[in-house]
Amino acid sequence: MPKLSLVIPVFKVQGYLPECLDSVLGQEYTDFEIVAVDDCSPDGSGAILDEYAKRDPRLHVIHLTENVGLGRARNAGLERAQGEYVLFLDSDDSLTDGALTAIAERLEATGNPEVLVYDYARTYWDGRVRPNLRADVLAAESPDVFSLAERPELLDLLQIVWNKAYRRDFITRIGLTFPPGYYEDAPWTFCSMISAERIAVLSRVCVLYRQRREGGNILKTVSRKHFDVFDQYRRVFEFVGRRDELARWHAPLFRKMVDHYLTVLERPGRLPQNARAEFFHRAAADYRAYLPQDFELPAGRRRHKYTMLQRDAYPAMMGALAAARTRQRVQSKTRRVLNRSKRSAMGVFYRSQLRLPLDENLAVFSAYWGRSVSCNPAAIDAELGRLAPHVRRVWAVRPEAVKQVPEGVECVRVGSREYWAAVARAKFLVNNVNFGDSVVKREGQVHVQTHHGTPLKTMGLDQQKYPASTNMSFRKLLQRCDRWDFSLSSNSFSSSVWERVYPCSYTSLETGYPRNDILLRATAEDVREARQELGLSEGTTAFLYTPTHREYQSGFVPRLDLEQLAERLGPEVTVLVRGHYFYGGSARLTELQSSGRIVDVSGHPSVERLYLAADALITDYSSAMFDYANLNRPIVIFADDWDTYSVVRGTYFDVLREGPGAVATTQEELSELLCSGEWRSDRAAEARARFRRRFCDFDDGRASERVVRHVFLGEPLAELPPIVPLDERVPAPPPGPDVAASDPISVL
């Protein structure tokens with residue numbers, strides 16, 4: 001029997017769950033078990049739990065067959081727990097280093113009390129950490145063990161279950177379980193604290209309480225769910241009423257109830273406007289029903305509020321709240337002036353267009369800040385033309401990209417009057433990056449964020465840990481992301497990252513990447529045509545080299561001596577070089593093309609056709625590896641500056657150890673593995689297979705169709721084509737005849 005059991009209920013937290021589990025499993029203290037309860041989570045949370053459980057036997061996973069809610073999920077975990085003490089941890093929170101050691105030592109030092117209360121701190125998306133405002137209650141001098149009667153101020157702490165360790169036999173003795181509902185912490189916490197005869201405290205922050213920017217907390221939602229608070233306090237007073245020895249707690253709990261009701265009423269953004277009066281009248285009824293004899297009203301403003309509630313004086317209460325809001329409006333005058341200035345900066349014309357009705361059959365597409373007509377937006381555009389030709393399609397581009405716009409599709413120059421008219425009135429806005437800050441998200445508009453790769457390097461809020469990689473304003477970044485309605489994903493790994501680093505209220509669409517459809521649907525003839533466009537003759541082996549952008553380089557400087565590499569590989573090999581889109585042309589590449597064995601394809605309009613033409617991919621940290629893996633062709637990692645790149649930019653996994661194929665860290669190593677045939681060896685194929693299982697979840701050739709049918713045509717997700725299993729997919733055939741894995745490239 002372990003000393004500690006940690007019960008972790010899990011629901012739609014795939015972006016935060018690994019951090020939570022790592023914080024527990026990485027503790028120096030080891031005498032514990034985790035009981036994680038997958039509450040029928042619709043995202044990848046269940047799979048994450050199973051993967052962790054394979055690696056650590058201390059983690060036990062329960063998969064519920066239906067969603068039962070937080071309280072009953074905790075009950076399921078509680079039934080399975082075997083520890084002497086039970087702790088609860090929410091799956092988007094985490095333990096601090098050394099927390100379990102400190103908890104276990106305190107339990108031992110205080111003679112194993114029934115309840116141990118420990119401290120927590122709030123953490124925010126921008127890196128702020130705010131201590132518990134009532135931490136002084138835990139730090140005050142007192143006996144090591146006491147009852148609540150000796151320290152009644154503990155009731156003033158936030159009433160939560162996850163800042164306490166409960167002796168399991170104590171829980172069983174008093175018959176504690178979690179009720180259904182949304183304020184389920186209140187009955188559990190109040191009833192356990194007033195029942196315990198031996199309580200101890202630990203003045204140490206053990207839990208980091210994540211303040212999610214969007215979602216995850218009923219307190220941040222406008223909903224009738226807040227009416228659940230009435231049922232929970234009914235349960236509290238029923239518990240007290242059945243136990244004569246607890247009668248002394250009726251008045252303190254009554255104060256907690258009334259203060260809680262007033263908080264729900266007073267805080268904006270909780271109750272729908274048409275439900276406020278009903279909530280007030282129910283609160284007034286509870287006030288009268290549970291009012292203790294000889295109750296003394298509190299002093300100050302609270303006394304007036306208590307009196308209005310007792311008299312069920314709703315108009316008077318609303319008048320008082322309106323006066324408070326007026327004071328707040330006066331205080332926010334400066335902020336309103338600033339907002340007016342921003343609206344003015346958008347331009348008179350744009351504001352006039354925003355007042356016009358939306359065009360339900362207008363879709364605006366853009367990619368890479370208007371630099372090209374490509375990537376996921378281009379694939380969606382083409383499929384939209386096929387499935388919904390009634391929708392008018394417009395591309396927002398820079399002048400140099402106008403020639404890329406497909407025939408029959410309109411275009412507008414970014415920043416022009418036509419551009420502002422289009423983004424103001426379009427029903428659909430599709431981009432693989434964010435639209436500019438001045439673009440307003442109108443009610444009824446649908447923004448689709450397609451992204452443009454699977455993240456190996458850190459993205460979004462995770463870049464805060466690597467300040468050398470960016471100077472962006474993360475607050476403005478999230479304001480741009482707030483406009484998203486849908487976020488596309490090609491694998492569950494990406495879904496988890498996007499939801500954590502862009503914490504906004506969009507819906508993740510695990511459709512696959514539309515741009516990769518061609519990799520699963522292209523024919524041998526398509527492959528031949530792609531090679532012919534590049535002048536690749538029959539029998540030529542083509543390596544596509546796609547180095548990524550580096551923050552510590554201002555321009556594209558090939559990290560390989562391409563001329564030397566071409567000479568080493570011989571005349572039957574061509575190296576296709578594609579620089580990152582951040583960089584312009586390269587004079588050096590132009591010089592090297594004269595031999596014909598090095599071809600600069602940086603300006604090629606379709607990287608997907610380059611993938612079809614290439615026999616293998618050579619890359620470093622580019623997201624190209626994830627897309628190319630769908631072809632199941634060899635991938636070679638050339639990472640000569642891994643130590644620098646991983647420190648400056650940060651990465652989500654070690655590409656040297658977990659990459660999709662053979663790895664080289666010097667040019668000599670690269671030349672050797674290319675010339676020897678190691679690049680397509682069985683060992684390289686095994687690494688690629690592991691990589692594909694991890695990152696090729698959803699790309700099956702029908703991503704564009706799924707996006708168009710769901711987003712533009714409104715078809716339910718359940719009616720879309722199901723994802724074809726990885727083992728059943730047939731990617732585009734490789735170039736030329738089959739070549740044995742052991743055949744080396746001829747070496748000069």
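Just so you know, these numbers come straight off a predicted model, no measurement behind them.
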### Query
Does the ring centre of F638 sit less than 6.0 Å away from the ring centre of F543?
no
### Task
Is it possible for you to check whether R706 lies under 6.0 Å from the centre of the six-membered ring of F698, through NZ or CZ, and within 45° of that ring's axis?
no
### Ring-face cation contact, Y52 with R55, 6.0 Å cut, 45° max
yes
### Task
Would you please say whether a donor-acceptor pair under 3.5 Å links the side chains of S492 and Q14?
no
### Task
Locate the shortest heavy-atom distance separating Y645 from K457; write the atom from each residue and the value.
OH-CD, 3.3 Å
### Task
Ignoring hydrogens and angles, state whether a donor on the side chain of S41 or D38 is under 3.5 Å from an acceptor on the partner side chain.
no
### Query
Judged by atom type as modelled, is there a donor-acceptor pair below 3.5 Å linking the side chain of E608 to the main-chain atoms of I518?
no
### Query
What residues, two or more places apart in sequence or in another chain, satisfy ring pair (Phe, Tyr, Trp, His ring centres under 6.0 Å) together with W498?
H451, Y502
### Message
Set out, in order, the CA-CA distance, both residues' side-chain angles and the distance that settles salt bridge (Lys or Arg N to Asp or Glu O under 4.0 Å) for K441 and D485, then state yes or no.
### Response
CA-CA 10 Å; K441 170 68 180 296; D485 291 286; 2.8 Å; yes
### Query
For the side chain of R515 and the backbone of C375, is there at least one donor-acceptor N/O pair under 3.5 Å apart?
no
### Aromatic centroids of F365 and F428 separated by under 6.0 Å
no
### Message
Using modelled atom types and a 3.5 Å cut-off, is there a donor and acceptor pairing between side-chain atoms of R729 and backbone atoms of D699?
### Response
yes
### Task
Tell me, with the steps shown, if R559 and D620 meet salt bridge (Lys or Arg N to Asp or Glu O under 4.0 Å).
CA-CA 10 Å; R559 305 192 66 83; D620 41 28; over 6 Å; no
### Message
Between R398 (side chain only) and W369 (backbone N and O only), is there a donor and an acceptor less than 3.5 Å apart?
### Response
yes
#### Entry: Side chains of D43 and S508, donor plus acceptor under 3.5 Å
no
### Query
So, E668 versus S671: side-chain donor-acceptor pair below 3.5 Å or not?
no
### Task
Evaluate the criterion salt bridge (Lys or Arg N to Asp or Glu O under 4.0 Å) for residue pair R683 and E686; output intermediate values, then yes/no.
CA-CA 5 Å; R683 185 169 63 175; E686 290 170 1; over 6 Å; no
### Task
Output all residues satisfying ring pair (Phe, Tyr, Trp, His ring centres under 6.0 Å) with Y466, sequence neighbours left out; order by chain, then residue number.
none
### Message
Which residues pass the side-chain hydrogen bond (donor to acceptor under 3.5 Å, both in side chains) test with D526, not counting sequence neighbours?
### Response
T523
### Query
Where do K427 and V446 land on the side-chain contact (heavy atoms from CB on, under 4.5 Å) test, with the steps shown first?
CA-CA 6 Å; K427 171 71 173 183; V446 177; 4.2 Å; yes
### Query
Is it true that the side chains of T619 and T546 contain a donor and an acceptor less than 3.5 Å apart?
yes
### Task
Indicate whether the side chain of Y513 and that of N432 have a donor and an acceptor atom separated by less than 3.5 Å.
no
